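Scroll down for the structure; my scribbles are underneath it.
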Amino acid sequence: MEERNDINKYRQKKKRRNLIIRLGIFLLVIVIAVLVIVNRETLFAPFKDMGLKVGKGGFPVMLPGSTQYYLGEMGESFYLLTDTYLYTYNGEGAEIASIQHGFQNPAAVSNDKRTLVYDKNGKSFKLFSRTGEIFKNSVEDSIVFAQIGNTGRTAVVTTSTRYSNFLIIYNSEGKQIFRWASPDEKIMGVCFGANDNSVFVSVVGEKNGELRGNLVRFDISNSESESWRSSIDNNITYSLERCSDGIYAVTSSGAYLFNEQTGELIANNSYTRQVYGIPETDGARVVIFRDSGSNGETAVAYNERLEAAYSAQLDNAAAFDVNGGRLYVLGGNKLSVYNSALEGIKIYELEDEYSNIKIINGSAYLLGYNTVRRVSL
């Protein structure tokens, strides 16, 4: 009898152990499934464009008939935004897709995988991959500008009848996840933080008859209050960018670098010259000024303390880009290359004059009157 009881206890213990194992496996599968669903955009993005059937590549790429063009970068690919279509191409100049956007006044911003096209002063916007439309959406008021994050989140800034501006954040599926209204400050710039979980907003208001500029951080999961707010004096922000060393703002009369987590001012400078252009930081922090004396442009490179370290006189800078610590400047039928110390290291003689330039994967893509050309660097 005692032996039989021992056998029964053993069987019950084994059943419990098997049940616990099966329950553990079931819970593990559930957790993995939830993680895949939550991060599906990031996990499956690299496979979306596999097996694309594209046409024959080659340069020059003839421009489609249109009244306006914008040349943009999307990873190792490029795109053309016209008044009616978004055209995407691979790095060899082969057309991937042509998609009608339907906007009256289109503008675009992009990251490595996505392009956000919005109707400036209209009420609609669309998010595209290289191959087609991902989602479309609309807002109640007119769109002033928009921005895209690294994971597919998008920020749309609109006018408002009740407030100065509205900032609306959407996830990668086009669902609204954050909304902030500014009662008495105009939103001048927006950039996303790491993993798009925070957003930085430059605003300008008025107090006692003077402009007051500020940089504000919001954590998107908490729309109730600001994480921090830091002053940028009486300046209007021209450019706002998240860099490896902080949040970098270029304004009408100076540049600022803030700690991303605390809002503490790390460095700043001031200048009195007119800002002509601000290339995106990529190994070199450059601001291009209009030189009233020579009727040309001057490029100034700043160090990590935002001190003016180097400068170079430019000749007719029609367009420019910074890539890998080098400044590339289009002027007339020449492409001039400067190193991080703004020393001229090479000049490429071009067949024609071009209006825009993007440096992608070791080549310069140039937008001309009726073609896109590629120059190997």
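Bear in mind that the values here come from a model prediction, so they are computed numbers and not experimental data.
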Who are the ring-ring contact (aromatic ring centres under 6.0 Å, His included) partners of [X], not counting sequence neighbours?
| X | result |
| --- | --- |
| Phe192 | none |
| Tyr85 | Tyr87 |
| Phe59 | Tyr365 |
| Tyr276 | none |

Worksheet item: Which residue pairs satisfy the ring-ring contact (aromatic ring centres under 6.0 Å, His included) criterion with at least one member in residues 106-134, sequence neighbours excluded?
Response: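 For residues 106-134, and leaving out neighbouring residues, the ring-ring contact (aromatic ring centres under 6.0 Å, His included) pairs sorted by first residue read Phe125-Tyr170.
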Can you run down the salt bridge (charged side-chain N to carboxylate O under 4.0 Å, His left out) pairs that involve [range], sequence neighbours left out, and say none if there aren't any?
| range | answer |
| --- | --- |
| residues 132-156 | Lys126-Glu133 |
| residues 257-284 | Arg242-Glu260 |
| residues 294-317 | Arg290-Glu297, Arg305-Glu307 |
| residues 328-353 | Glu351-Arg373 |

Return yes if a side-chain donor-acceptor contact under 3.5 Å exists between [X] and [Y], otherwise no.
| X | Y | result |
| --- | --- | --- |
| Ser227 | Asp219 | yes |
| Ser164 | Asp184 | no |
| Thr88 | Arg130 | no |

Worksheet item: So, Phe166 versus Trp180, ring centres under 6.0 angstrom or not?
Response: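 No, the ring centres sit 6.0 Å or more apart.
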Worksheet item: Out of Lys358, Arg374, Glu76, which residue meets the side chain to side chain contact (heavy atoms under 4.5 Å, CB included) rule with Ser363?
Response: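 Looking at Lys358, Arg374, Glu76, the match for Ser363 under the side chain to side chain contact (heavy atoms under 4.5 Å, CB included) is Arg374.
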Give every donor-acceptor pair under 3.5 Å between a side-chain atom in residues 318-330 and any protein atom, sequence neighbours left out.
unit_1 : atom_1 : unit_2 : atom_2 : d
Asp321 : OD2    : Ile359 : N      : 3.0

Result block: side-chain N/O donor-acceptor pairs under 3.5 angstrom for residues 252-259, not counting sequence neighbours:
unit_1 : atom_1 : unit_2 : atom_2 : d
Ser252 : OG     : Ile236 : N      : 3.4
Ser253 : OG     : Asn235 : OD1    : 2.2
Tyr256 : OH     : Asp233 : OD2    : 2.7
Tyr256 : OH     : Asn235 : ND2    : 3.0
Asn259 : OD1    : Gln261 : N      : 2.8
Asn259 : OD1    : Thr262 : N      : 2.9
Asn259 : OD1    : Thr262 : OG1    : 3.3

Worksheet item: Can you list every side-chain hydrogen bond (donor to acceptor under 3.5 Å, both in side chains) pair that touches residues 194-203, not counting sequence neighbours?
Response: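 Listed once each, the pairs are Thr151-Asp196.
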Worksheet item: Shared ILVMFWY cluster between Trp228 and Ile187, side chains joined below 4.5 angstrom?
Response: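 Trp228 does not cluster with Ile187.
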